[in-house]
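For reference, the structure is listed below as structure tokens.
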Number of protein chains: 2
Amino acid sequence: MVTTQSDPMLRGDPYAADCPTRRILDRIGDRWTVLIVGVLGEGDARFSELRRRVCGVSQKMLTQTLRGLERDGLVRRTVHPEVPVRVEYALTEAGRTLLGPLRALQEWSIEHLSDVSAAQKAYDGAE
Amino acid sequence: MVTTQSDPMLRGDPYAADCPTRRILDRIGDRWTVLIVGVLGEGDARFSELRRRVCGVSQKMLTQTLRGLERDGLVRRTVHPEVPVRVEYALTEAGRTLLGPLRALQEWSIEHLSDVSAAQKAYDGAE
DNA sequence: CTGAATCCTACAGGATACTG
DNA sequence: CAGTATCCTGTAGGATTCAG
């Protein structure tokens with residue numbers, strides 16, 4: 001037994017290395033996960049479509065990230081056995097619930113980008 | 001001029017590599033930023049305190065991350081020139097505005113952790 | 001078209017030692 | 001105490017090639 005006093009796990013504190021927050025951070029930590037979920041939030045998409053829209057992602061990373069999301073039950077992968085195979089990706093129900101928090105972050109970014117840039121400039125200028 | 005048609009920058013789309021969302025993601029991308037901001041959200045703290053609370057962070061990473069946050073104007077660093085020097089870190093006004101979105105993510109984590117774990121288990125079991 | 005497999009490199013980041 | 005400076009390593013992740 002580790003410690004049960006007022007369960008730090010449930011408080012979601014960053015203290016414990018196995019806190020759920022960390023698990024998720026490790027997931028969305030890489031830049032691609034968030035971006036891909038964001039795009040899929042606007043509608044289902046196939047592989048090449050995602051690759052085009054998530055500018056800068058390599059084939060390897062796209063595949064890898066999608067696999068991870070699929071494994072986590074956040075994305076559903078559907079293979080259509082047509083002539084040139086067609087694969088569609090879509091957010092699952094759980095995946096869609098992630099859109100809210102992600103959008104909050106996105107809005108914060110847009111809202112504070114100029115402030116942050118200004119702060120950086122000031123900081124750098126003051127050496 | 002790149003393109004001004006309905007400004008993708010302001011839409012915050014993940015398409016453009018220089019979209020504001022990406023800038024922020026690169027910032028909070030590393031696991032430590034989020035955790036440190038989280039701790040500071042509960043009150044000011046000094047260096048060694050942060051190091052103790054953010055379990056697992058190395059001295060190097062803590063310093064580095066704090067510098068970055070300071071540069072972004074999200075954290076304020078105050079040096080008290082006492083005998084053994086004392087340094088206090090605190091969220092700035094801007095830094096505090098980040099707490100909301102971060103908490104949303106944290107709550108999502110706690111809420112969906114078991115689902116995600118179950119999905120992983122199922123995925124792995126199904127080869 | 002959608003990937004899997006391999007190779008290779010840059011850099012994140014830990015460990016360690018030293019300073020004001 | 002709160003860092004800075006070095007060294008060293010693992011690995012994320014790009015480029016390339018092959019396959020169903």
Side-chain angles (χ1 to χ4, degrees), chain A residues 14 17 22-37 39-40 43-72 75-90 123-124 126-127, chain B residues 14 17 22-37 39-40 43-72 75-90 123-124 126-127:
Chain A
R22 293 229 189 166
R23 300 265 312 263
I24 299 300
L25 285 177
D26 287 344
R27 193 97 230 27
I28 73 162
D30 69 301
R31 51 148 91 14
W32 302 124
T33 295
V34 175
L35 297 176
I36 291 171
V37 170
V39 171
L40 287 178
D44 305 0
R46 44 193 302 189
F47 190 83
S48 49
E49 206 176 334
L50 284 171
R51 189 165 179 190
R52 237 177 309 110
R53 299 193 64 186
V54 181
C55 180
V57 69
S58 69
Q59 176 266 320
K60 179 182 176 181
M61 280 302 101
L62 181 53
T63 302
Q64 189 172 306
T65 307
L66 284 169
R67 286 291 176 281
L69 286 168
E70 191 189 357
R71 192 173 100 100
D72 289 350
V75 158
R76 179 171 34 252
R77 176 171 178 272
T78 314
V79 182
H80 296 85
E82 306 174 351
V83 177
V85 66
R86 194 176 97 241
V87 181
E88 283 261 330
Y89 290 93
Y123 185 94
D124 294 344
E127 143 240 18
Chain B
R22 292 228 189 165
R23 301 265 311 262
I24 301 300
L25 286 176
D26 288 343
R27 192 99 232 19
I28 72 161
D30 68 302
R31 50 148 91 17
W32 303 123
T33 294
V34 176
L35 298 175
I36 291 171
V37 169
V39 171
L40 288 178
D44 303 0
R46 44 193 302 189
F47 190 84
S48 50
E49 206 176 335
L50 284 171
R51 187 163 181 193
R52 237 178 308 109
R53 299 192 64 187
V54 181
C55 179
V57 69
S58 71
Q59 176 270 325
K60 179 182 177 182
M61 278 303 100
L62 182 52
T63 302
Q64 189 170 307
T65 307
L66 285 169
R67 287 292 177 280
L69 286 168
E70 192 190 356
R71 190 173 103 99
D72 288 350
V75 158
R76 178 171 32 253
R77 176 171 178 271
T78 313
V79 182
H80 296 86
E82 305 173 352
V83 178
V85 66
R86 195 177 97 240
V87 181
E88 283 261 331
Y89 290 93
Y123 185 93
D124 294 344
E127 147 247 12

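Here the structure is a predicted model, which is why all the values come from computation and not from measurement. Below, chains carry the letters A, B, ... as their sequence lines are ordered, and counting in each starts from 1. Just so it is clear, the values below take in all heavy atoms, side chains as well, and ignore hydrogens, waters and symmetry mates.
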Nearest to side-chain heavy atoms of [X], which nucleotide of [options]:
X	options	value
B/F47	D/dA2, D/dT4, C/dT2	D/dA2
B/V85	C/dA4, D/dG3, C/dG20	C/dG20
B/R46	D/dC1, D/dT4, D/dG20	D/dC1

Would you say [X] places a side-chain N or O within less than 4.0 Å of OP1 or OP2 belonging to [N]?
X	N	answer
A/Y89	C/dC1	no
A/R51	C/dC1	no
B/S48	D/dA2	yes

Expressed in angstrom and rounded to an integer, what is the separation of [X] atom [atom1] from [N] atom [atom2]?
X	N	atom1	atom2	answer
B/E49	D/dC1	CD	C1'	13 Å
A/Q59	C/dA4	CD	C1'	8 Å
B/I36	D/dA2	CD1	P	14 Å
B/D26	D/dA12	CG	C1'	14 Å
B/E70	D/dG3	CD	C1'	13 Å
A/L66	C/dA4	CG	P	11 Å
A/L62	C/dT2	CG	C1'	10 Å

*Using a heavy-atom cut-off of under 4.0 Å over every strand shown, decide if A/R77 touches base, sugar-phosphate, or nothing.*
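If one applies the 4.0 Å heavy-atom cut-off, A/R77 turns out to touch the sugar-phosphate alone, with no base involved.
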To the nearest 0.5 Å, tell me how far [X] [atom1] sits from [Y] [atom2].
X	Y	atom1	atom2	answer
B/E88	B/D44	CD	CG	5.5 Å
B/R52	B/E49	CZ	CD	6.0 Å
B/L50	B/Y89	CG	OH	8.0 Å
B/L25	A/T33	CG	OG1	10.0 Å

Could you go through nucleotides 11-15 of chain C and list every protein N or O atom that sits under 3.5 Å from one of its N or O atoms, giving the distance for each pair?
{"unit_1": "C/dG13", "atom_1": "N7", "unit_2": "B/K60", "atom_2": "NZ", "d": "3.1"}
{"unit_1": "C/dG14", "atom_1": "OP2", "unit_2": "B/S58", "atom_2": "OG", "d": "2.6"}
{"unit_1": "C/dG14", "atom_1": "O6", "unit_2": "B/K60", "atom_2": "NZ", "d": "2.4"}

So do A/T65 and A/L35 actually touch side chain to side chain, heavy atoms under 4.5 Å?
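Answer no - side chains too far apart.
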In short, B/R53 meets B/V39 closest at the heavy-atom pair NH1-CG1, 3.8 Å
field: A/T63: side-chain hydrogen bond (donor to acceptor under 3.5 Å, both in side chains) partners, not counting sequence neighbours
entry: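 Partners of A/T63 by the side-chain hydrogen bond (donor to acceptor under 3.5 Å, both in side chains) criterion, ordered by chain and then number, come out as A/Q59.
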